[in-house]
Q: 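Take a look at this one; I'll ask things after.
In the text below, chain A, chain B and the rest are named by the order of the sequence lines, each starting its count at 1.
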Amino acid sequence: MATRFDHQAIEKKWQERWNASHIYEAGERDQLKEKQFILTEFPYPSGNLHIGHWYAFAVPDIYVRKLRMEGKQVLYPVGFDSFGLPAENAAIKRKLDPKEWTYDNIAYMTKQLESMGNAFDWSRMVVTSNPEYYRWTQWIFLELFKKDLAYRGVGTVNWCPSCNTVLANEQVVDGTCERCGSEVELREMPEWKLRITQYADRLIDDLAPLPWPEFIKDLQRNWIGRSVGAEIDFPLSTGDTLTVFTTRVDTLYGATFCVLAPEHSLVTKLRSSILNWEEVIRYQNAAAKKDEIERTAEGKEKTGVRLEGITAKNPVSGEDIPVFIADYILARYGTGAIMAVPAHDERDFAFAEKYDCSIREVIEGEGQLPRSTAGRLTNSGEYTGMDSQAAKDVITAKVNGRKTSTYKLRDWSISRQRYWGVPIPIVYDPDGLPHAVPYEHLPWHLPTDVDVTPTGEPPLAKSQELKERTERIFGKGWTPEVETMDTFMCSSWYFMRYTDPQNTERFAAQSEQEKWLPVDVYFGGSEHTTMHLLYSRFMQKALFDLGHATALEPYTLRYNRGLVLGPDGNKMSKSKGNVIDPDEQVSRLGADTVKMYLAFMGPYGTPTNYPWDMGGIAGLRRFLERVYDLRTHITTTPTLDNKALLHQTIKKVGDDIHALKFNTAISALMVYLNAVEKSGLSTDDYHCFLRMLAPFAPHLSEELWEQAGHESSVHRESWPKFDPNLLISSEVTIAVQINGKVRATITLERDATEEMVLDAAQQDEVIRRRLNSAQILKVIYVPNRAINLIAPGAT
RNA sequence: GCUGGAGUGGCGGAAUGGUAUACGCGCACGACUCAAAAUCGUGUCUCGCAAGGGUUGAGGGUUCGAGUCCCUCCUCCAGCACCA
């Protein structure tokens, strides 16, 4: 490829100058300017920047730079989410120090990030594994602990035998470990949890007013999975009470049996009354052996065991009904027990057929049972004829039910039996009770005398130093917590730290939070929609409630981007050999070209995946080559009046950047270039073009700006303004339709009257021939666009 | 199954209800060259010699006019999935 300019020299020159002049630092908040906090999820220091990082950071930089040119005070920070498993795995595999591995990677990736030439504020860099940072992660944990929002729970956890660690539900994918793919086992373990479920309602309800794309809100709502219903008590023949959760109280008359999860606590309690105890215990044991994935596999035949000798009383009909245990009922959801309404629930129907239970239709409707629609009640005693919706409330009240909601969301387990993470700042007294490490001992340092090779024992348990530190400070018999935190904990508040990254007294001063938060636009990957995004929203709310944060929601706007696929249309992977190395592309074609190509692939801010196209990127380089030569087309006498085109371009490029449609913004620049290469352009118009180009090609535009004789940076220029009066060309092309079909176009002065347009249309040869003396019954004129002649009989 | 979203050239993709296929890639031909690359120019939805006709997953509808709005269906993508 011919090179009319040396991109490597230009990039080096300007990156150095920008660094030296701190041009992109946000600085102290200037209240006279509008602020914009633009955030992109910070990277994990894996060792190498991939093309996805370029897509994530370089493309939003266009948006950032335009905001700067509009005079806004922009904060566009960057950092590293640097605790986590890969460092530890590298340590195990290659006998490296996880810390060294991590910090080497950070140093290298920082250089790579610099090669983008983004308008990053490097002075606010945040690194989560730095003690100055994790000290505050610990502080936040302790605040939550003191308010009982963090607690030591015992529960069934997902255990990855290969990583030797507990996984959150969110980290289990199809029954396998998200990171290593091993099959996950269930284990009973004590673990630290955060009470995110306490915030479930607010996490759903506060989404409503946010201007986020609806689909992202829906993903969050689905994940939280709120079901609104009621708890209903069924008296048992033994005198005990069985509480079930249902969303369909209106079908209570149709509840012909009850089902409990096999591990439901009532089962053991009822032991002496259950006549077939042997059979029940056998079923329980079989269920316990299967993990949840197996139990909940779709299409699996439903099995269960009737609790002989026990009946429940339907609280509204008074009918005595049988009670079963069955593994299609999940202990963790609702109350772990249901009232079965086989006529109106598929699962209950299948179970009833198999175990010969009665099926009573209680909602009118067409078609075969089971039917789950709402409607008019039938076979429902005094409620027969009532509408479902109204019946819910009335029947709930009648049987002393409690209206309540239940959620799919579980409390957030943050315990990890791993080394490379934030030590949980808890110590246990000789009786085994947990206590907060006092604030003066923060950061509660991660010990360094640890062999990270997995033995099944948490690595921190092997640290002599940690043990001694604990006894020295707290006394003999005291022991340290040996778990570390889920790294999502580190990333749940990092955006707050960017507002005040050097603060040694607070995680971020309230005054700084107030100045910058909430984040105005948050760009990120779809994979973080339900985990990180939910966790950080929870954290924002919890810290607000504790009086430490000033905003109720962390992000005003959120956009999910897609993936850059390999040239073959598949996800890039080493094994497929379809990985595009950004460094190679940058050295060959330049940072501006790579950035513009990525921006040109398609609209940003929708999670669409785009394949990499070698030819496509060459096209962007060609465009920049022609831009480099554009000054040879400068003339004092442009042959064509292209003011209108210039102003249209300014408007379109600006609007499109704002809408994250960088692809069409670039195409508008191309259209302009194509036109002025032919017609020539004035010096002023050339400068205007360079200013429009600046966000897209920061290096080349800066170089050309300097060559054009300017002493100050193009990135200190303002975004060009368009003149609405110059937007419209003096001539317009109007489509002439006959009976709705376009038959000809005519070119006229703009804002011609309907009469003038009609007159011109009728003079058009094609139109005259087609009308062929047919009578025009009606004329619809859309000013400056189209005229439609309704003339039955015309061709 | 449920919840979202999307179907437009050979490809990525454009189109406030008003000239469908902008822009780029690819391809073809031409210029330059001993030649090639690069570059520049011209062409490039489809049927038709032409005049003209057809075309936005399929079918219907609303409208003077539909890629765009409504209904039915098909396909693909994403998330959730025995969640009571």
Q: How would nucleotides 44-49 of chain B be written as a contact map, 5' to 3', with B for base contact, S for sugar-phosphate-only contact and - for no contact, using protein heavy atoms under 4.0 Å?
A: ------
Q: Please report the distance, rounded to the nearest Å, between OH in Tyr597(A) and P in C23(B).
A: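 Spelled out: OH on Tyr597(A) to P on C23(B) is 18 Å.
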Q: Just how far, in rounded Å, is C1' of G65(B) from CD1 of Ile738(A)?
A: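 Spelled out: CD1 on Ile738(A) to C1' on G65(B) is 14 Å.
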Q: Enumerate the residue pairs fulfilling side-chain hydrogen bond (donor to acceptor under 3.5 Å, both in side chains) with a member in residues 775-789 of chain A, sequence neighbours excluded, ordered by first and then second residue.
A: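 Qualifying pairs: Asp751(A)-Asn784(A).
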Q: P atom, G52(B) versus G57(B): distance in rounded Å?
A: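 Their P atoms lie roughly 28 Å apart.
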Q: Quick one: side chains of residues 654-662 of chain A, donor-acceptor pairs under 3.5 Å with protein atoms, not counting sequence neighbours, listed by atom name and distance.
A:
{"unit_1": "Asp655(A)", "atom_1": "OD2", "unit_2": "Lys651(A)", "atom_2": "NZ", "d": "2.7"}
{"unit_1": "Asp656(A)", "atom_1": "OD2", "unit_2": "Lys652(A)", "atom_2": "NZ", "d": "2.8"}
{"unit_1": "Asp656(A)", "atom_1": "OD2", "unit_2": "Thr664(A)", "atom_2": "OG1", "d": "2.9"}

Q: Would you say a side-chain N or O of Arg226(A) is under 4.0 Å from OP1 or OP2 of A84(B)?
A: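 Answer no for this pair, as no side-chain N or O of Arg226(A) is under 4.0 Å from OP1 or OP2.
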Q: For atom C1', what is the distance between G67(B) and G1(B), given to the nearest Å?
A: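 The answer is 31 Å between these two C1' atoms.
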Q: 5'-most contact on RNA chain B: Thr406(A) or Arg626(A), nearest heavy atom basis?
A: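 Nearest-nucleotide comparison on RNA chain B picks Arg626(A).
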Q: Closer than 4.0 Å, any side-chain N/O of Arg770(A) to the OP1 or OP2 of G53(B)?
A: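 So the side chain of Arg770(A) is within the cut-off, an N or O lying under 4.0 Å from OP1 or OP2 of G53(B).
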Q: In whole Å, what separates the P atom of G24(B) from that of U42(B)?
A: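 Per the computed distance, 12 Å lies between those P atoms.
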Q: Rounded to whole angstroms, how far apart are NZ on Lys678(A) and P on C40(B)?
A: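 Rounding to the nearest Å, NZ of Lys678(A) and P of C40(B) are 11 Å apart.
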Q: Would you call Glu353(A) and Lys302(A) a salt bridge, taking side-chain N to carboxylate O under 4.0 Å as the test?
A: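 Here Glu353(A) does not pair with Lys302(A) in a salt bridge, since their nearest N and O are not under 4.0 Å apart.
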Q: Side chain of Asn222(A), base of C80(B): donor and acceptor closer than 3.5 Å?
A: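 Checked by distance alone, the answer is no.
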Q: Whole-Å distance between A84(B) P and Asp348(A) CG?
A: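 To the nearest whole Å, that distance equals 12 Å.
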Q: Which residue in the set Leu669(A), Ile650(A), Thr649(A), Val653(A) passes side-chain contact (heavy atoms from CB on, under 4.5 Å) when paired with Phe689(A)?
A: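 The passing option is Leu669(A).
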Q: Under 3.5 Å, is there any donor-acceptor pair linking the side chain of Lys408(A) to the base of C80(B)?
A: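 Checked by distance alone, the answer is no.
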Q: Base contacts versus sugar-phosphate-only contacts with protein, heavy atoms under 4.0 Å: please encode nucleotides 5-16 of chain B as B, S and - from 5' to 3'.
A: -------BSSSB
Q: For Ile780(A), report the nucleic acid contact type (base, sugar-phosphate, nothing); a contact means any heavy atom under 4.0 Å.
A: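 Touches a base.
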Q: Please measure how far the C1' atom in G10(B) lies from the corresponding atom in U21(B), and state the result in whole Å.
A: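 It works out to 14 Å between them.
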Q: Rounding to an integer number of angstrom, what distance separates U75(B) and U8(B) when you compare their C1' atoms?
A: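 Their C1' atoms lie roughly 15 Å apart.
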Q: How would you list, by chain and number, every residue that makes a ring pair (Phe, Tyr, Trp, His ring centres under 6.0 Å) with Phe257(A), sequence neighbours excluded?
A: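 Here the qualifying residues are Phe324(A), Phe351(A).
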Q: Contact class for Thr733(A) vs. all strands (heavy atom < 4.0 Å): base, sugar-phosphate, or nothing?
A: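 Result for Thr733(A) = base.
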Q: Would you classify G9(B) as syn or anti? Syn applies when the glycosidic angle is within 90° of 0.
A: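 The base of G9(B) is oriented syn (glycosidic angle within 90° of 0).
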Q: Tell me the interatomic distance from Arg622(A), atom CZ, to G41(B), atom P, rounded to whole angstroms.
A: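 So the two atoms are 12 Å apart, to the nearest Å.
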Q: Check side chain to side chain donor-acceptor pair (under 3.5 Å) between Tyr407(A) and all other residues, then give those that pass, not counting sequence neighbours.
A: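 Side chain to side chain donor-acceptor pair (under 3.5 Å) list for Tyr407(A), sorted by chain: Asp201(A).
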Q: Watson-Crick or G-U wobble partner for G48(B), using a 3.5 Å limit on both distances?
A: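 G48(B) is paired with nothing.
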Q: Strictly under 6.0 Å, is that where the ring centroids of Tyr559(A) and Tyr522(A) end up?
A: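 Between Tyr522(A) and Tyr559(A), which both carry aromatic rings, the centre distance is not below 6.0 Å.
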Q: Could you list by number each residue of residues 741-749 of chain A showing a heavy-atom separation from RNA chain B of less than 4.0 Å, or answer none if no residue does?
A: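 Under 4.0 Å from RNA chain B: Lys741(A), Val742(A), Arg743(A), Thr745(A).
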Q: Would you measure the distance from the P atom in G79(B) across to the matching atom in G17(B) and give it in whole Å?
A: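 Per the computed distance, 31 Å lies between those P atoms.
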Q: Rounded off to whole Å, could you give me the CD1-to-P distance for the Ile617(A) and G26(B) pair?
A: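 After rounding, the gap between these two atoms is 13 Å.
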Q: What's the closest nucleotide to the Asn788(A) side chain, out of C80(B), A84(B), C64(B)?
A: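 From the listed options, C64(B) comes nearest.
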Q: Kindly write out the residues that satisfy side chain to side chain donor-acceptor pair (under 3.5 Å) with Thr747(A), not counting sequence neighbours, or none if the list is empty.
A: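 Per chain and number, Thr747(A) pairs via side chain to side chain donor-acceptor pair (under 3.5 Å) with no residue.
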Q: Between atom CZ in Arg621(A) and atom C1' in A38(B), what is the gap in whole Å?
A: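 Whole-Å distance recorded here is 13 Å.
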Q: Is Glu625(A) salt-bridged to Arg622(A), going by a charged N under 4.0 Å from an acidic O?
A: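 Result for this pair is no, no salt bridge flagged.
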Q: So which one's nearest nucleotide on RNA chain B is more toward 5', Asp218(A) or Ile734(A)?
A: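 Upstream on the strand: Asp218(A).
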Q: For U62(B), what is the paired nucleotide under Watson-Crick or G-U wobble rules, both distances under 3.5 Å?
A: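 Pairing partner: none.
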Q: How far, in whole Å, is G18(B) from C69(B) if one measures between their P atoms?
A: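 Rounded to whole Å, the distance is 11 Å.
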Q: Mind checking who A28(B) pairs with, Watson-Crick or G-U wobble, both distances under 3.5 Å?
A: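 The base-pairing partner of A28(B), which may sit in any strand shown, is U42(B).
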Q: Contact class for Asn674(A) vs. all strands (heavy atom < 4.0 Å): base, sugar-phosphate, or nothing?
A: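 Contact class for Asn674(A): sugar-phosphate only.
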Q: If we call it a pair only when both distances are under 3.5 Å in a Watson-Crick or G-U wobble match, what pairs with U16(B)?
A: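 Partner of U16(B): none found under 3.5 Å.
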Q: What does G79(B) pair with, Watson-Crick or G-U, if both distances are under 3.5 Å?
A: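 With both distances under 3.5 Å, G79(B) matches C2(B).
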Q: For the pair Asp411(A) (side chain) and Thr197(A) (backbone), establish whether a donor and an acceptor sit closer than 3.5 Å, ignoring hydrogens and angles.
A: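 Flag set: sc Asp411(A) to bb Thr197(A) pair under 3.5 Å.
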Q: Work out how far the C1' atom of A22(B) is from that of G13(B), and round it to whole angstrom.
A: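 Straight-line distance between the two C1' atoms is 10 Å.
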Q: So, using side chain to side chain donor-acceptor pair (under 3.5 Å) as the criterion, who are the partners of His7(A) when residues are at least two apart?
A: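 With neighbours one apart ignored, the set is Arg621(A).
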Q: Show every salt bridge (Lys or Arg N to Asp or Glu O under 4.0 Å) that has at least one partner inside residues 592-614 of chain A, sequence neighbours left out.
A: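 Found Asp61(A)-Lys595(A).
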Q: My understanding is that only residues two or more places apart in sequence, or in another chain, count here; which of them pass ring pair (Phe, Tyr, Trp, His ring centres under 6.0 Å) with Trp212(A)?
A: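 Testing Trp212(A) for ring pair (Phe, Tyr, Trp, His ring centres under 6.0 Å), a comparison that skips the adjacent residues, returns none.
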Q: Quick one: list whatever passes side chain to side chain donor-acceptor pair (under 3.5 Å) with Ser227(A), sequence neighbours left out.
A: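 Once residues adjacent in sequence are excluded, the partners of Ser227(A) under the side chain to side chain donor-acceptor pair (under 3.5 Å) criterion are Tyr333(A).
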Q: Just the rounded figure in Å: distance from C1' of C2(B) to CG of Leu219(A).
A: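 It is 13 Å, rounded to the nearest whole Å.
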